[in-house]
Amino acid sequence: MSSAEQTVEVVVGRIGKPHGIKGEVTVDVRTDEPERRYAAEAVLRVQAPRGSAFGHRSVTVASTRWHQSTLLVRFAEIGDRNQAEAARGVVLHATIDAAATPDDPEEFYDHQLVGLAAYDVEGAHLGEVTGLVHGGAQDLLAVKALDGRATLVPFVAALVPEVDVAAGRVVIADRPGLVAPLPED
């Protein structure tokens with residue numbers, strides 16, 4: 001197995017507005033492990049928005065601090081407010097070991113969920129997980145139903161009571177029309 005197959009890239013945040021004049025920026029955090037992903041000297045791959053003047057391919061975390069509920073980060077490559085303004089909208093990616101798991105057993109990386117077989121609480125096969133859609137209020141599990149329809153299930157314990165990555169399955173407390181089609185009249 002090559003090293004490329006042993007790692008996976010995950011989105012961990014997006015650079016927001018500048019904070020102050022010394023290059024510090026706000027970060028819209030997209031990880032449940034900010035202390036791990038934004039540790040000092042962590043190197044993150046950069047995906048600049050179309051038309052961006054930001055010229056770096058990666059950034060190195062120099063320091064972080066929380067200001068109320070906002071993460072403020074100083075990157076070694078961003079030294080002043082103008083550079084911070086140019087970095088606005090840049091998406092940050094971390095490379096992690098494909099076998100790594102989050103510290104919290106109730107959390108999962110997106111790539112761990114893709115391909116899992118979906119079953120209802122009685123054990124009937126519903127389809128396959130095709131992805132995760134990150135929403136503002138909650139994440140949605142994308143499931144391809146057995147009849148080929150693309151469905152979205154709120155990724156909350158009430159509707160997805162069991163995720164067993166090792167066994168390759170998720171259990172969905174299905175409701176008519178959620179994954180299984182609505183019954184015909």
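None of the values given here were measured: they were computed from a predicted structure. Basis for what follows: all heavy atoms, side chains included, without hydrogens, waters or symmetry-related copies.
Contact of the V46 side chain with the F75 side chain is not registered, since no non-hydrogen atoms from C-beta on lie closer than 4.5 Å. Looking only at side-chain heavy atoms (C-beta outward), L113 and L141 come within less than 4.5 Å of each other. Residues V170 and V129 have side chains in contact (heavy-atom distance under 4.5 Å, counting atoms from C-beta outward). Within the 4.5 Å cutoff, the side chain of V160 has no heavy atoms near those of the E162 side chain.
Formation of a donor-acceptor pair under 3.5 Å by the Y38 side chain with backbone atoms of L71 is not found in this model. H67 places no side-chain N or O within donor-acceptor distance of the main-chain N or O of S69, the cut-off being under 3.5 Å. Listed for the R149 side chain is a donor-acceptor partner under 3.5 Å among the backbone atoms of V179. Judged by distance alone, with hydrogens and angles left aside, the side-chain atoms of R81 form a donor-acceptor pair with the main-chain N or O of G20 at under 3.5 Å. Between the side chain of D120 and the main chain of H125, no donor-acceptor pair closer than 3.5 Å is present.
Smallest separation of non-hydrogen atoms from V171 and P161: O-CD, 3.1 Å. In terms of heavy atoms, G23 sits closest to I78 at O-CG2, 3.4 Å. A158 and A173 get closest at one heavy-atom pair: O-CB, 3.5 Å.
The residues E85 and K17 are annotated as not salt-bridged, no charged nitrogen and carboxylate oxygen being separated by less than 4.0 angstrom.
From Q47, atom CD reaches atom CZ of R14 across 12.0 Å, with rounding to the nearest 0.5 Å. If you take CG on D110 and CG on D139, they are separated by 7.5 Å, rounding to the nearest 0.5 Å. Here R30 contributes atom CZ and H93 contributes atom NE2; the two are 10.0 Å apart, rounded to the nearest 0.5 Å.
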Please list every donor-acceptor pair under 3.5 Å in which a side-chain atom of residues 50-63 meets a protein atom from a residue at least two apart or in another chain.
unit_1 : atom_1 : unit_2 : atom_2 : d
S52    : OG     : F54    : N      : 3.0
T60    : OG1    : E77    : OE2    : 3.2

